[in-house]
**Q** 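To start, I am sharing the structure in question, which I have written as structure tokens.
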Amino acid sequence: MNDPSPPVKRPGFFSIFSFFFGISAITIGGGYVMVPVIQRALEKRGWLPEDEFYDLFATAQSVPGPLALNTAMFAGRRVAGLPGFLAAFLGILLPPFAAILLLAALLGAIGDWPVVQGFLDGAFAVVPGLTAALAFNMIRKRRWTPLRAVLTVASAVAITLAGTWAVPTFFAVVAVSAFAERKGAC
Amino acid sequence: MLRLALVFLKIGVAAYGGGWTIVGIIRTEIVGRAWMSAEEFAKLVAMAQITPGPVALNAATLVGYRLHGLLGAAVSTLAVVAAPVALSLLIGGFFAKATKSGARLTEALKTGTIGLIAMTVWAFAPAAVSSWLNVAIALTAFAVSAFTRINPLWIIIGSGVIGAATRAFFG
């Protein structure tokens, strides 16, 4: 398992670009759907073994930004350096950008049809459920201590009340909890 | 336009926790500034969901497009990824060395991220109780995505079809 696998011939800019372009163009459903798809495809090509991928994935989560994009950029850089990084960035970004503009133009034409309105209302109705499930999973998977629980509840209340100050409040919360974790109080 | 770019830069910096958290921050910033109504934003989120690609990026692109056309779409998309891309390039390797301080930072970020997702849930929850049908759909979506590994896309499309049918038959 642990033999230093000789790096296969490094793929070039365009093969990495078209690799991520293809994935981004056909995968609907955001980061949690895209990340496993990217992982399997990378492994199949022999570009990146699974365990290394999940190391990269953990790193990608420590940087802000869409999960699928960050993971792809880290994987691209790991596979082919800076050109790979750029290729992954463009490959992930371009298809949805083009698709969104097409869809927006299309909806400009048919957006007032009752059936289309109904479809969009229905598609939106799942959002409260999906976001609540996401919160539920984060809460369930975390290792809890009393102090973490108190800080997290305070964080939720403060950020929800903060309105357009949510972003600064988020960083204040992170700073306070980093300090609390450092104290070893929890 | 400059304000649009600045707002999305700011959103990008705090974009922890994946797509839906980011959508929540975008909503707070855009609806909170009255650049768009809550209903308009809901339509936009529905579109972002059914388009390929990361939902947060799609939402950012759509908001830019709706407010300032094609150029706005380009500006908001690039602004929202600017900070992530820069950070990935500069300090990605630094974080990778998972030291003790790295683990502390991860925990602190979790505390903040759960706060952000709570804000998102709070913002979208009223939509779930606007009708009995929506209550049922929201509960189904929650159960499926919390307890099964089914791709949520099927729920989204199914719910969209139900919505379209309801509108077609009952007006």
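Every value quoted in this text rests on a predicted model; they were computed, and no experiment measured them. Lettering follows sequence order; numbering is per chain, from 1.
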**Q** Which of residues 80-90 of chain A have a heavy atom under 4.5 Å from any heavy atom of chain B?
**A**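 From residues 80-90 of chain A, the residues near chain B are L82(A), F85(A), F89(A).
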**Q** Between OG1 of T131(A) and CH2 of W122(B), what distance do you get to the nearest 0.5 Å?
**A**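 Going from the OG1 atom of T131(A) to the CH2 atom of W122(B) covers 13.0 Å.
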**Q** Side chain, backbone, both or neither: which part of V31(B) has a non-hydrogen atom closer than 4.5 Å to chain A?
**A**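 Answer is neither: V31(B) stays 4.5 Å or more from chain A.
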**Q** Which residues pass the side chain to side chain contact (heavy atoms under 4.5 Å, CB included) test with P168(A), not counting sequence neighbours?
**A**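 Checked P168(A) against side chain to side chain contact (heavy atoms under 4.5 Å, CB included); matches are W165(A), K10(B).
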**Q** Under a 4.5 Å heavy-atom cut-off, does chain B meet the side chain of P95(A), its backbone, both or neither?
**A**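 P95(A) has no heavy atom closer than 4.5 Å to chain B.
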**Q** What part of I155(B) lies closer than 4.5 angstrom to a heavy atom of chain A: side chain, backbone, both or neither?
**A**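 Looking at I155(B), backbone and side chain both touch chain A.
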**Q** Between A25(A) and chain B, which part of the residue has a heavy atom less than 4.5 Å away: side chain, backbone, both or neither?
**A**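 For A25(A), backbone heavy atoms alone lie under 4.5 Å from chain B.
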**Q** At a heavy-atom separation under 4.5 Å, does I162(B) approach chain A through its side chain, its backbone, both, or neither?
**A**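 Interface part for I162(B): neither.
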**Q** So for A128(B), is it side chain, backbone, both, or neither that comes closer than 4.5 Å to the heavy atoms of chain A?
**A**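 Both the backbone and the side chain of A128(B) come within 4.5 Å of chain A.
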**Q** Quick one: of V173(A), T169(A), L130(A), who has the most non-hydrogen atom pairs under 4.5 Å with chain B?
**A**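 Ranked by contacts with chain B, first place is L130(A).
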**Q** Output all residues satisfying salt bridge (Lys or Arg N to Asp or Glu O under 4.0 Å) with R40(A), sequence neighbours left out; order by chain, then residue number.
**A**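 Once residues adjacent in sequence are excluded, R40(A) has no partner under the salt bridge (Lys or Arg N to Asp or Glu O under 4.0 Å) criterion.
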**Q** Which atoms of V126(A) are under 4.5 Å from chain B, going by heavy atoms: the side chain, the backbone, both sets, or neither?
**A**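 When you check distances to chain B, atoms from both the backbone and side chain of V126(A) fall under 4.5 Å.
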**Q** Quick one: side chains of residues 64-75 of chain B, donor-acceptor pairs under 3.5 Å with protein atoms, not counting sequence neighbours, listed by atom name and distance.
**A**
none

**Q** Applying ring pair (Phe, Tyr, Trp, His ring centres under 6.0 Å), run through F147(B) and F136(A) and close with a yes or a no.
**A** CA-CA 10 Å; F147(B) 303 113; F136(A) 176 79; 5.5 Å; yes
